[in-house]
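Along the sequence shown, residues carry numbers from 1.
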Amino acid sequence: KIVNGIVATNYIPYQASIRVSIRDYARFGRGHTCGAVLVNSHTSITAAHCLMDGEKFRTPFDIHVVFGTLNRYIHTQDSRIGHVERIIVHPQYSRFQSFSDDIGIVIVSIIDRCSFKGDFLILIGKQLRRPVEFNAIIHSIPIIDYKVVEFTNCQVSGWGSTEWQGVMPADLFKANV
């Protein structure tokens with residue numbers, strides 16, 4: 001949830017969108033389930049519960065990752081679609097233990113050959129895969145090498161609901177916490 005946030009008018013380059021592929025192929029943006037953070041050219045981190053489908057974990061074939069978008073329904077020339085190579089979930093994660101150990105790693109590569117027909121994603125021929133290429137719109141989150149002290153101002157971002165039991169917005173939101 002991004003409560004008391006504002007619409008992000010500038011890209012948050014490390015922000016990613018975890019998507020259920022079959023829903024996203026039907027309409028780009030419809031498959032969004034959770035946000036993620038790009039930590040290097042192959043790795044995104046998200047919550048483990050975002051990688052669940054009911055009582056089981058999704059497979060790499062079930063999801064993909066989208067980078068470089070402010071509105072989850074709009075694919076731009078700057079957007080990139082990441083193919084999921086591997087999913088790693090914290091071994092102690094349990095959906096029955098609130099959010100303890102609720103972390104997952106998604107290993108991705110970029111799909112080179114795809115296009116859109118209206119809202120439909122079309123994969124073209126043999127898929128060529130490569131690392132996520134960094135640019136002004138897409139790059140990894142800066143990793144700090146010092147301890148964050150209590151009451152440090154931080155920024156959160158995502159497409160989570162902006163109010164209790166609200167709907168997920170189309171636009172990326174951000175908030176300072």
Side-chain angles (χ1 to χ4, degrees), residues 1-21 23-24 27-52 58 63-84 87-90 93 98-111 119 121 131-177:
K1 293 184 182 9
I2 308 295
V3 179
N4 294 326
I6 60 171
V7 172
T9 54
N10 296 316
Y11 286 96
I12 298 173
Y14 44 82
Q15 180 71 57
S17 170
I18 303 287
R19 305 195 177 187
V20 175
S21 297
R23 283 187 275 180
D24 217 45
R27 179 170 186 233
F28 188 79
R30 186 172 167 218
H32 173 80
T33 58
C34 284
V37 172
L38 182 62
V39 294
N40 65 37
S41 64
H42 287 286
T43 310
S44 291
I45 295 178
T46 190
H49 74 265
C50 296
L51 303 170
M52 299 287 299
R58 296 185 188 282
I63 62 175
H64 63 272
V65 184
V66 175
F67 305 97
T69 185
L70 288 172
N71 182 307
R72 64 188 174 101
Y73 290 106
I74 299 174
H75 185 276
T76 70
Q77 66 183 15
D78 297 315
S79 303
R80 298 293 179 264
I81 298 173
H83 167 79
V84 175
I87 297 171
I88 305 163
V89 175
H90 192 288
Y93 172 71
S98 78
F99 295 110
S100 180
D101 303 314
D102 188 12
I103 190 164
I105 298 171
V106 180
I107 308 299
V108 298
S109 59
I110 294 299
I111 299 173
D119 288 334
L121 175 64
V132 177
E133 291 180 14
F134 295 164
N135 56 42
I137 307 285
I138 302 169
H139 63 76
S140 59
I141 191 167
I143 304 297
I144 60 171
D145 61 355
Y146 55 89
K147 184 177 180 178
V148 177
V149 296
E150 192 174 9
F151 303 111
T152 298
N153 249 346
C154 297
Q155 186 179 79
V156 295
S157 60
W159 292 272
S161 61
T162 57
E163 58 188 32
W164 174 252
Q165 297 184 334
V167 298
M168 287 191 290
D171 292 313
L172 181 65
F173 272 68
K174 65 181 182 176
N176 291 323
V177 294

- Which pairs, with at least one residue in residues 142-161 and sequence neighbours excluded, count as a salt bridge (Lys or Arg N to Asp or Glu O under 4.0 Å)?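 For residues 142-161, and leaving out neighbouring residues, there are no salt bridge (Lys or Arg N to Asp or Glu O under 4.0 Å) pairs at all.
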- Test side-chain contact (heavy atoms from CB on, under 4.5 Å) on V132 and V108 and set out the steps. CA-CA 8 Å; V132 177; V108 298; 4.1 Å; yes
Calculate, to the nearest 0.5 Å, the distance between atoms [atom1] and [atom2] belonging to [X] and [Y] respectively.
X    : Y    : atom1 : atom2 : result
C50  : R58  : SG    : CZ    : 9.5 Å
R72  : R30  : CZ    : CZ    : 11.0 Å
I18  : T33  : CD1   : OG1   : 6.5 Å
S157 : F173 : OG    : CZ    : 12.0 Å

For residues [X] and [Y], determine if any side-chain heavy atom of one lies less than 4.5 Å from a side-chain heavy atom of the other.
X    : Y    : answer
I138 : L38  : yes
Y93  : M52  : yes
V7   : L172 : no
T46  : V106 : yes
H75  : V66  : no
W159 : S17  : yes
Y14  : P142 : yes
I87  : I63  : yes

- Item | Donor-acceptor pair between D24 and H32 side chains, under 3.5 angstrom |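 D24 vs H32: no donor-acceptor pair found between side chains.
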- Quick one: do the N71 and D171 side chains pair a donor with an acceptor below 3.5 Å?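 Side-chain D/A pair, N71 to D171: present.
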- For F134 and S140, run side-chain contact (heavy atoms from CB on, under 4.5 Å): C-alpha distance rounded to whole Å, both residues' side-chain angles, the deciding distance at 0.1 Å, then the answer. CA-CA 8 Å; F134 295 164; S140 59; 3.8 Å; yes
- Task: Kindly indicate, with the supporting measurements, whether the criterion side-chain contact (heavy atoms from CB on, under 4.5 Å) is fulfilled by K174 and V156.
- Result: CA-CA 6 Å; K174 65 181 182 176; V156 295; over 6 Å; no
- Message: Check whether F28 forms a cation-pi arrangement with R19 (NZ or CZ under 6.0 Å from the six-membered ring centre, at most 45° off the ring normal).
- Response: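 Yes, R19 and F28 form such a contact.
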- Message: Please give me the minimum heavy-atom distance between S21 and H64, naming the atom from each residue.
- Response: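 For S21 versus H64, the nearest heavy atoms are OG-ND1, 2.9 Å.
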- Please step through side-chain contact (heavy atoms from CB on, under 4.5 Å) for the pair I45 and I103, ending with a clear verdict. CA-CA 7 Å; I45 295 178; I103 190 164; 3.7 Å; yes
